[in-house]
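So the structure is just underneath, and the comments pick up after that.
Counting convention: from 1, in listed order, for ligands and their atoms alike. Just so it is clear, the model here is predicted, and its values are computed rather than measured.
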Amino acid sequence: MINYELDANGIATLTWDMPGRSQNVINGESCAALFAAIDKAVSTPEVKAILMTSGKADFIAGGDLEWLLTATQAAELFERTMSLHHALRKLETCGKPVAMALPGMTLGGGLEIALAGHYRVASDNPKARFGLPEVTLGLLPGGGGTQRLPRLIGIQNALPLLAEGKKLKAADALKLGILNAIVPAGTEIQTARQWLLSQTAPVQQPWDTKGYKIPGGAVLSPAIQQLFMAGNAMLRAKTWGNYPAPANILSCVYEGLITDIDTGLKTEARYFTSTVLSPEAKNMIGTLFFSMGEANKLAARPKDVPVQKYSKIGVLGAGMMGAGIAYMIAKANITAVLIDTSIDAAERGKDYSKKLLDKQVQRGQISQEKADAFLARIMTATEYSTLDGAEMVIEAVFEDRAIKADVTRKSEAVLNADAIFASNTSTLPITGLAQASARPANFIGLHFFSPVDKMPLVEVIIGQATSDATLARSLDFIKAVGMTPIVVNDARGFYTSRVFSTSVLEGVKMLSEGVAPALIENAGLKAGMPVGALTMTDEVSAELVYKIDKQARADLGAAYVEPAGMKAIQKLVELGRIGKKAGKGFYDYPENGKKFLWPGLTELFPVAAQQPAIEELVERIIAIQSLETARCMEEGVLTTARDADVGSILGWGFPPFRGGTISQIHSTGIAAFVAQCNALAAKHGERFRPTATLQKMAADGTQFYTR
Ligand code: NAD
């Protein structure tokens with residue numbers, strides 16, 4: 001785990017090198033090895049100095065989350081945490097100089113261990129990042145990070161790193177004083193040795209030195225008091241109290257830095273324990289780390305299909321979606337052929353990439369040369385013959401069956417027999433679109449989200465005739481462009497659009513019940529949604545929601561059931577208040593000013609004298625989404641809880657602290673969720689009636705997740 005070597009100069013080198021793993025992590029085994037190595041180095045008189053480094057490309061990747069979640073008892077977790085604190089305190093207070101030689105990534109627990117050294121030297125590695133990103137998984141740094149970092153670089157500099165999980169490049173970490181030096185790759189150990197040999201007197205951490213003052217001001221200084229007041233308010237505005245981790249981080253810094261370091265570490269261990277055991281952390285780790293990791297590793301990929309490499313992909317339609325898709329293809333070093341009805345339209349689509357690249361060049365994120373080469377990978381055309389040799393074509397033309405059928409036939413006339421034809425339709429069932437194809441086994445849905453370069457999800461839709469090979473090779477494409485797939489079966493609205501629309505319509509339905517518009521919006525935010533239902537409707541446009549419903553009405557005939565909230569949508573459309581793009585919807589959008597709720601709204605939907613509690617509205621907004629997801633599972637639209645959870649967070653911003661639509665049911669408890677839905681159904685209608693499978697699961701105790 002940790003190799004221990006003592007040289008003739010009295011330097012003990014502790015090299016982390018966990019066998020059978022590509023990364024070093026902090027877990028039970030490595031902690032035991034670390035504690036033993038520290039004991040030995042500290043207590044051996046021949047050891048004059050201590051150097052810690054890694055035998056891997058990176059230093060330590062952080063805590064092993066699987067191991068972390070094995071602790072279910074607060075007392076056990078607290079003791080575990082305190083034993084790491086004791087060991088690191090022993091190391092930094094032993095008087096012998098301690099240097100950390102950091103070859104690459106030094107994140108989370110890795111940086112916390114590095115902070116227990118007296119000197120940190122990093123390799124000049126462009127891939128290396130330094131930071132404490134625990135908060136992004138609903139955790140807080142539990143290895144002393146909330147105590148050592150602000151004591152080292154000041155509270156004001158440390159808070160964004162701790163509470164937002166910002167990761168720094170080496171040069172920025174050096175500027176802040178987190179690193180002492182950056183040296184050419186491969187010389188960091190040598191530099192650390194030189195520093196150790198140059199130390200003649202016993203070495204202490206600044207915070208163990210007499211007269212130590214926190215750089216930039218103590219907790220109770222006026223400037224830092226103001227910082228905490230503003231910080232608290234900003235956090236509250238952003239999170240609505242839904243995320244314990246960042247609030248606990250602020251508390252750790254505030255309470256811990258008023259006291260000495262040992263008391264501070266104990267304070268951190270208490271907050272860490274309660275944060276790890278919170279449902280929010282379990283939900284976020286479960287979905288954002290484990291499920292997302294599985295999705296990115298293509299867990300749904302049929303085996304035994306050779307991996308498809310891509311060199312050329314056609315994109316039909318250079319509008320908003322096509323332009324973004326072409327950008328992602330070129331970014332992955334693949335040639336994109338962008339086709340539209342006129343070369344001007346195709347060039348406009350290519351301009352989208354040019355604009356993004358120009359910005360990156362300006363910011364110094366990419367060289368002009370690389371940007372030029374990137375852009376040269378996007379070819380524009382009107383002729384389908386340019387698709388010759390493409391392994392895949394993605395169509396993003398108008399949402400019109402006839403146009404889509406036409407471009408399918410034109411493409412297939414040129415493409416090789418095994419090329420994949422993918423549709424980016426947002427509403428049209430894939431099986432129907434595949435009827436235009438001469439080889440429906442190669443036809444698949446790849447539903448991207450807007451803006452494509454910012455939204456990492458692709459909803460893969462399997463049509464009735466789609467082959468396993470087409471699915472496998474399409475997933476290879478998604479991996480190649482660095483996006484995250486979920487796989488669903490063909491159905492109206494697929495998964496994401498179908499469930500997302502229930503949350504919007506539930507909010508709009510509240511309007512017709514007399515709920516005050518501002519209360520509806522705040523309930524959405526308090527539930528943890530990115531925006532309220534009325535804002536969201538304005539963004540996507542009431543007209544589009546109405547149009548999709550009209551199509552469903554026509555397609556379904558007698559089986560059609562009008563969704564809750566649709567009458568209110570219709571009223572707005574009839575008034576021409578179709579949304580943000582028209583400058584008027586539920587809100588008014590003045591040309592030079594902030595949007596505000598349309599005053600006429602309360603005439604159209606009179607506000608009831610008695611308003612419901614916000615908690616009841618939150619419950620409805622969340623339960624309707626989880627319930628519709630359970631229906632998707634029952635109908636086989638979704639086949640795994642993993643895809644449901646990942647798709648809901650990445651696709652439409654379902655609150656991450658809830659872990660996704662299914663994790664929400666899981667953490668509520670299935671029986672409790674069924675009871676909640678039954679109560680809502682009694683009050684608000686049959687749309688809340690729990691499914692047969694849910695009722696059965698509640699009765700027999702089965703779960704969506706086994707982990
Ligand atoms: P858009 O109107 O911005 O772009 C469509 C482009 O297709 C236009 O440039 C048009 O000139 C071109 N086009 C039309 N007919 C063509 C033909 N026969 N051959 C080649 N090009 C043709 O539309 P968009 O928002 O980019 O949407 C495109 C598709 O993606 C639609 O199916 C839509 O439902 C789907 N989609 C849209 C979103 C979204 O948020 N806008 C999200 C997911 C999926």
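- For ligand 1, the atoms lying closer than 4.0 Å to a non-hydrogen atom of His447 are 43 (C), 44 (C).
- Atom 34 (O) of ligand 1 has its closest protein heavy atom at Ser426 OG, 2.6 Å.
- Ion pairing of Glu506 with Lys509 is absent here, as no side-chain N (NZ or NE/NH1/NH2) approaches a carboxylate O to less than 4.0 Å.
- Summary of contacts: the protein heavy atom closest to atom 25 (O) of ligand 1 is Met321 CG, 3.9 Å.
- Taking OG1 of Thr470 as the start and CZ of Arg473 as the end, the distance is 6.0 Å to the nearest 0.5 Å.
- Proximity to Asn424 (heavy-atom distance under 4.0 Å) selects the following atoms of ligand 1: 30 (O), 35 (C), 36 (N), 44 (C).
- When the heavy-atom distances from atom 4 (O) of ligand 1 to Gly319, Ala346, Ala402 are ranked, the shortest goes to Gly319.
- Within the 4.0 Å heavy-atom criterion, neither part of Ala345 lies near ligand 1.
- Relative to the six-membered ring of Tyr589, Lys595 misses at least one condition, a distance below 6.0 Å or an angle of at most 45° to the axis.
- Among all non-hydrogen protein atoms, the one lying nearest atom 28 (C) of ligand 1 is Ala396 O, 3.2 Å.
- With a heavy-atom cut-off of 4.0 Å, Phe449 does not touch ligand 1 at all.
- Looking from atom 32 (O) of ligand 1 to the surrounding protein, the closest heavy atom is Glu399 OE1, 2.5 Å.
- Note that the CD1 atom of Ile461 and the CZ atom of Phe494 stand 4.0 Å from one another [nearest 0.5 Å].
- With hydrogens left out, the protein atom closest to atom 2 (O) of ligand 1 is Phe398 CE2, 3.4 Å, a heavy atom.
- Atom CD of residue Glu634 and atom CG of residue Leu627 lie 9.5 Å apart, to the nearest 0.5 angstrom.
- Considering Asp340, Leu544, Thr341 only, the shortest heavy-atom separation from atom 9 (O) of ligand 1 involves Asp340.
- Residue Ile403 has at least one heavy-atom neighbour below 4.0 Å for each of these atoms of ligand 1: 15 (N), 18 (N).
- Below 4.0 Å from some heavy atom of Phe448 lie the following atoms of ligand 1, by number and element: 42 (C), 43 (C).
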* **Criterion side chain to side chain contact (heavy atoms under 4.5 Å, CB included) on Ile430 and Phe443, from CA distance to verdict** => CA-CA 8 Å; Ile430 291 302; Phe443 198 103; 4.0 Å; yes
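- Residue contact check: Lys404 has heavy atoms under 4.0 Å from atoms 31 (C), 32 (O) of ligand 1.
- Counting the atoms of ligand 1 from 1 in the order shown, those under 4.0 Å from a heavy atom of Tyr384 are 19 (N).
- Test Phe500, Phe654, Trp652 against Tyr495 for ring pair (Phe, Tyr, Trp, His ring centres under 6.0 Å) and you get one pass: Trp652.
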* From CA spacing to verdict: side chain to side chain contact (heavy atoms under 4.5 Å, CB included), Ser450, Met455 -> CA-CA 6 Å; Ser450 168; Met455 298 287 283; 6.0 Å; no
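- For the atom pair CZ of Arg409 and OG of Ser411, the computed distance is 11.0 Å after rounding to the nearest 0.5 Å.
- Atom NZ of Lys350 has more than 12 heavy atoms from other residues, nucleotides or ligands within 6.0 Å.
- Atoms of ligand 1 lying under 4.0 Å from any heavy atom of Ser450, numbered from 1 in the order shown and given with element: 40 (O).
- Ranking the protein heavy atoms by distance from atom 41 (N) of ligand 1 puts Met320 CE, 3.1 Å first.
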* To do: Could you please spell out the steps behind the side chain to side chain contact (heavy atoms under 4.5 Å, CB included) verdict for Glu399 and Ser426?
  => CA-CA 8 Å; Glu399 190 75 339; Ser426 34; 3.7 Å; yes
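- For the residues Val397, Thr425, Asp344, the heavy atom positioned nearest atom 31 (C) of ligand 1 is part of Val397.
- To the nearest 0.5 angstrom, Ser423 atom OG is 8.5 Å from Leu446 atom CG.
- If you number the atoms of ligand 1 from 1 as listed, the ones under 4.0 Å from a heavy atom of Val407 come out as 17 (C), 18 (N), 19 (N).
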